[in-house]
Number of protein chains: 2
Amino acid sequence: MNETVQEGTFPSPGHHDETACARISQMLARISDKWSLLIIRTLGPGPMRFNALKRGIGDISQKMLASTLRDLEENGFVSRTVTPVTPPQVEYALTDLGRDFLVPVQGLAEWTMANSARIEAARAIYRLRVAAE
Amino acid sequence: MNETVQEGTFPSPGHHDETACARISQMLARISDKWSLLIIRTLGPGPMRFNALKRGIGDISQKMLASTLRDLEENGFVSRTVTPVTPPQVEYALTDLGRDFLVPVQGLAEWTMANSARIEAARAIYRLRVAAE
DNA sequence: GTAGCATGGTTACGAATCGTTACTGAGGAA
DNA sequence: TTCCTCAGTAACGATTCGTAACCATGCTAC
């Protein structure tokens with residue numbers, strides 16, 4: 001997305017500096033979108049082909065799947081191997097980096113599953129509060 | 001965002017079902033955007049006021065901060081307390097739910113920090129590969 | 001007294017992104 | 001022949017994002 005990456009200086013080690021924060025925000029921005037996390041999670045158990053991945057995720061469009069996969073490949077999370085047969089066969093798999101990344105992603109997903117009821121409850125309360133004005 | 005949630009059918013029980021996956025994807029979609037994670041992370045150490053938060057994050061616009069904070073409040077992650085003085089004083093803080101959520105979010109952020117070099121390396125390789133065509 | 005600044009937003013508008021639909025082109029099944 | 005699958009791409013409208021301006025209020029400087 002944002003291609004302008006300026007490498008900062010490290011003014012004082014130990015002190016939690018500005019550039020680290022900027023880097024986190026930049027990296028998080030690259031990673032933390034709906035489809036990336038969902039794709040990485042779906043690829044967790046093993047390699048998958050394009051349409052299998054699409055079916056596995058469910059409501060993703062071909063365009064979003066293709067472009068997000070390209071981003072993930074660019075960032076080194078997934079590998080793309082083409083077998084030139086007919087019909088064409090393209091397999092996507094997590095790289096070592098992707099498998100490492102799966103750990104915090106699964107953490108997030110598991111937390112989400114475990115706490116969806118709490119979120120729903122909070123939303124219900126919020127709706128009541130807004131309705132009461 | 002997307003309020004139309006259609007509950008699917010259960011074709012075969014025991015088989016890891018569709019609705020759980022749909023729910024995860026829905027919840028992840030609500031949570032996993034750049035600004036939400038960044039705001040939650042920034043609120044980690046303690047409550048903050050609107051402009052302090054804005055300065056803390058850096059390159060967020062008032063509009064995005066305001067609307068993301070409203071979403072986070074709606075989902076029960078942050079609380080908003082207004083002190084009616086002049087100038088108006090609005091304090092945002094993580095709720096219990098938000099503090100719980102901070103754990104996987106910090107996991108993600110720490111992973112990101114620890115592995116940003118690997119991502120950068122992967123990106124460099126990708127650029128070379130693309131340049132070579 | 002009035003020009004500027006801060007606070008916490010909202011609104012308008014252009015830009016970027018997202019999602020839906022249609023299409024590719026080769027092969028296999030009906 | 002017609003339809004389907006494979007892995008996408010192109011066009012286009014809808015949605016969202018970000019920038020800039022504005023709001024009311026009170027404080028300070030001039």
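In what follows, chains are A, B, ... by sequence order, proteins preceding strands, each numbered from 1.
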(message) On the nucleotide D/dC17, are OP1 or OP2 found under 4.0 Å from the side-chain N or O atoms that B/W35 carries?
(response) no
(message) With rounding to the nearest 0.5 angstrom, report the CG to CG distance, B/L97 to B/L102.
(response) 11.5 Å
(request) Starting at atom NZ of B/K54, determine the distance to atom P of C/dG9, rounded to an integer number of angstrom. (result) 13 Å
(request) Return each pair, listed once, that meets salt bridge (Lys or Arg N to Asp or Glu O under 4.0 Å) where at least one residue sits in residues 91-102 of chain A; pairs must be two or more places apart or across chains. (result) A/D96-A/R99, A/D100-B/R118
(request) For nucleotides 5-13 of chain D, just jot down a letter per nucleotide in 5' to 3' order: B, S or -, based on protein non-hydrogen atoms under 4.0 Å. (result) -BBBB----
(request) Give the rounded distance in Å between these two atoms: CG of B/L65 and C1' of C/dT10. (result) 13 Å
(message) Just to verify, what does A/W35 make a ring pair (Phe, Tyr, Trp, His ring centres under 6.0 Å) with, not counting sequence neighbours?
(response) none
(request) Scan for salt bridge (Lys or Arg N to Asp or Glu O under 4.0 Å) pairs involving residues 104-117 of chain A, sequence neighbours excluded, and state none if there are none. (result) none
(request) Send over the distance from B/D71 CG to D/dT16 P, rounded to a whole Å. (result) 10 Å
(message) From CE of B/M64 over to P of C/dC13, roughly how many Å is that when rounded to an integer?
(response) 18 Å
(request) Can you tell me the distance, in whole Å, between the CD1 atom of A/I57 and the P atom of C/dG19? (result) 12 Å
(request) Check salt bridge (charged side-chain N to carboxylate O under 4.0 Å, His left out) between A/R49 and all other residues, then give those that pass, not counting sequence neighbours. (result) none
(message) From CD1 of A/I60 over to C1' of C/dT17, roughly how many Å is that when rounded to an integer?
(response) 14 Å
(request) With sequence neighbours left out, write down each residue that passes salt bridge (charged side-chain N to carboxylate O under 4.0 Å, His left out) with A/R80, or none if nothing qualifies. (result) none
